[in-house]
Visitor: 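Dumping the structure here so I can ask a few things about it.
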Amino acid sequence: MSRENKFVKREKWSKDFGSWFRDILLSAEILDYRYPIKGFGVWMPYGFKIRQNILQIMRDLLDATGHNEVLFPTLIPEYLLAKEAEHIRSFEEECYWVTHGGSTPLQVRYALRPTSETAIMPMVRLWVRSHADLPVKLYQIVSIFRYETKATRPILRMREVASFKEAHTVHATAEEAEAQVREGVEIYKRFFDEICVSYLVSKRPDWDKFAGAEYTIAFDMVCPDGRVLQIGTVHNLGQNFTKAFEIDYETPDGRREYAWSTSYGISGRAIAAPIILHGDDHGMVLPPKVAPIQVVVIPIPYKGREEQVVDVSKRLEETLKSSGIRARADLRDDLTPGAKFYYWEKRGVPIRAEIGPRDVDRREVTLVRRDTLERTTCRMDDVVECVKALMEAMTKDMRERAWEWLRSHVKRVGSLEEARQLLEQRSGVVELLWCGRDECGLKMEEALSARLLGTPFGEEEVPVEGRCVICGAEAKCVVRAAVTY
Ligand code: 5CA
Ligand code: ZN
């Protein structure tokens, strides 16, 4: 029997991921997308708590690696946004522009930040005098605004990106900036590992790098429909921004040099990622670390024993809470136990604890894990250890399942035709041999009606043998292609 059979079925999830996702966002009270501006949505209380837990994991990782949280203004004057030529070229048409204060036209237009390099750099310029002031490692978690022209989708492509975490760093040397890119990648790996999300890390082709970057490293995940979603990016900005903003510093031997910078960001997509990857036909399955409620206690009343099961349920909630487990007893008396099961399964609560009269008599509790709906019985005296062990096992299994999913959706192919067929069937990511020339890469995208994600980054270098699938010249690398969101 395959491992996959252990889990709740995923027919709706895999056949119609788009509507599965839309349904779950609303019915599990994550994000209400009915706000009357396209690309803008409302984080609802339950979704907000998931968001908070996930962002806290990110904050902890950044704080532990010497990043400092800051808060910059939302408006950027046009002349600052325009300082770096590539940057403005790419973002000009994507900005919301503030042109009036009341009815008075403003002297300069202000952009609602589409990202914050051009807000942060002029201030860093004022803060950095000498090498002793470097490195600077800042981050903020804010809303950014992009007038996206591609089809907007709840959380996945917003025009107000309300959970944008952007890190910006400035360094004395090219080597330090390079090392910072690697640290950024490591931080994101640990972050996605923590939230049970599997990913590919690729160096984007030159024509798809961030506007103003030397190069871009991207994290991608495979969605249930076989399309790929970019869930984070790390950019080496070289001296493009530091020269444009004249950030120089005094070296130990008294010369002045331009600094080097990097930036890296994630968005609400990283909050959607575990919801998407681990969903099933009953709803969400949340990794315990992310779940607002880790254990829901549900009394199963029988005639004459109602008070007893409710009492024991309340006590169980208290016991769990006092050991730091996020627990809630669902004591609503207008719902049947079955209706409560359904309600909390949809919301992805990792563990359900059932208390019936038999459990009370035997001083036991029945625990049901959300991903497999497997039941176990544990002694009330051991319940804290049982729950902790179950959450750990579940986290491990969820992580493994996510990686199995990814592995089964990345295929190495020998020919363009094979790649084209797989992509047409939306089978995930294909890996092809490439000579490395832009010309061939662009032809590949055209022939496959797909995007190149780029070349594997940070993996063991395996020498490639064979020929470029386009020009037949000796291949220099493997390149990944996919139909993307
Ligand atoms: N300044 C850099 C680093 S913070 C930057 O803006 N990079 S970015 O444009 O690549 O954005 C970072 C991440 O935000 C992307 O990898 C993507 O996962 C996410 N993102 C970008 N645009 C949107 C959008 N419209 N809706 C949701 N997420 C988005
Ligand atoms: Zn070629």
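Counting convention: from 1, in listed order, for ligands and their atoms alike. What you see below is based on every heavy atom in this structure, not just the backbone, and it leaves out hydrogens, waters and symmetry mates.
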Visitor: With respect to Glu166, determine whether any N or O atom, backbone or side chain, lies less than 3.5 Å from an N or O atom of ligand 1.
Guide: no

Visitor: Examine the side chains of Ser116 and Gln140 and answer whether a donor and an acceptor come within less than 3.5 Å of each other.
Guide: yes

Visitor: Heavy-atom contacts with Ile155 under 4.0 Å: which atoms of ligand 1 show up? List them by number with element.
Guide: 27 (C)

Visitor: Atoms of ligand 1 less than 4.0 Å from Tyr264 heavy atoms?
Guide: 3 (C), 4 (S)

Visitor: Is it the side chain (CB and beyond), the backbone, both or neither of Thr216 that lies under 4.0 Å from ligand 1, heavy atoms counted?
Guide: neither

Visitor: Which of the atoms of ligand 1 are close to Glu148, meaning less than 4.0 Å from one of its heavy atoms?
Guide: 22 (N), 24 (C), 25 (N)

Visitor: For residues Tyr147 and Trp97, establish whether the separation of their ring centroids is below 6.0 Å.
Guide: no

Visitor: Looking only at distance, does Glu117 have an N or O less than 3.5 Å from an N or O of ligand 1?
Guide: yes

Visitor: To which protein heavy atom is atom 10 (O) of ligand 1 closest, and what is the distance rounded to 0.1 Å?
Guide: Thr233 OG1, 2.7 Å

Visitor: Are the aromatic rings of Phe210 and His87 close, with centres under 6.0 Å apart?
Guide: yes

Visitor: Can you figure out which of His235, Arg153, Glu94, Arg157 has its heavy atom closest to atom 2 (C) of ligand 1?
Guide: His235

Visitor: Please list the nearest protein heavy atom to atom 28 (N) of ligand 1 with its residue and the distance rounded to 0.1 Å.
Guide: Ser267 OG, 2.8 Å

Visitor: Out of Leu229, Ile144, Leu237, Leu156, whose heavy atom sits nearest atom 27 (C) of ligand 1?
Guide: Leu156

Visitor: Looking only at side-chain N and O atoms, does Ser143 offer a donor or acceptor that is under 3.5 Å from a partner on Glu160?
Guide: yes

Visitor: Quick one: angle Cys468 SG - the Zn ion (ligand 2) - Cys471 SG, to the nearest 10°?
Guide: 110°

Visitor: Under 4.0 Å from a heavy atom of Gly232: which atoms of ligand 1 are those, numbered in the order shown and with their elements?
Guide: 16 (O), 18 (O)

Visitor: In terms of side-chain heavy atoms, does Thr118 have a donor or acceptor partner in Glu84 at a distance below 3.5 Å?
Guide: no

Visitor: Just to verify, which of Glu69, His67, Gln52 counts as forming a side chain to side chain contact (heavy atoms under 4.5 Å, CB included) with Arg59?
Guide: Glu69

Visitor: Has Arg125 got its NZ or CZ under 6.0 Å from the middle of the six-membered ring of Phe245, at an angle within 45 degrees of the ring axis?
Guide: no

Visitor: With only distance considered, is Lys165 within less than 3.5 Å of ligand 1 through an N or O on each side?
Guide: no

Visitor: Regarding Arg480 and Ser202, is there a side-chain donor-to-acceptor distance under 3.5 Å anywhere?
Guide: yes

Visitor: Give yes if a backbone or side-chain nitrogen or oxygen of Thr115 is under 3.5 Å from a nitrogen or oxygen of ligand 1, and no if not.
Guide: yes

Visitor: Do Met158 and ligand 1 have an N or O pair less than 3.5 Å apart?
Guide: yes

Visitor: Just to confirm my output: which protein heavy-atom neighbour is closest to atom 22 (N) of ligand 1, and how far is it?
Guide: Arg146 NH1, 3.5 Å

Visitor: Please note down the angle at the Zn ion (ligand 2) between SG of Cys440 and SG of Cys435, to the nearest 10°.
Guide: 110°

Visitor: How far is atom 24 (C) of ligand 1 from its nearest protein heavy atom, and which residue and atom name does that atom have?
Guide: Val161 CG2, 3.5 Å

Visitor: So, Thr216 versus His235: side-chain donor-acceptor pair below 3.5 Å or not?
Guide: yes

Visitor: Do Lys203 and Tyr215 form a cation-pi contact, if we require the NZ or CZ to be under 6.0 Å from the six-membered ring centre and within 45 degrees of the ring's axis?
Guide: yes

Visitor: Using a strict 4.0 Å cut-off to heavy atoms of Gly265, name the atoms of ligand 1 that fall inside it.
Guide: 3 (C), 4 (S), 12 (C), 13 (C)

Visitor: Among Lys209, Gln140, Gln230, His87, which one puts a heavy atom closest to atom 18 (O) of ligand 1?
Guide: Gln230

Visitor: For Thr152 and Arg157, which I'm curious about, is there any donor-acceptor pair between the side chains at under 3.5 Å?
Guide: no

Visitor: Are side-chain N/O atoms of Tyr188 and Asp193 paired as donor and acceptor at under 3.5 Å?
Guide: no

Visitor: With a 4.0 Å cut-off on N to O distance, would you call Lys396 and Glu392 a salt bridge?
Guide: no

Visitor: Which option, Tyr147, Phe210, Phe164, owns the non-hydrogen atom nearest atom 11 (O) of ligand 1?
Guide: Phe164

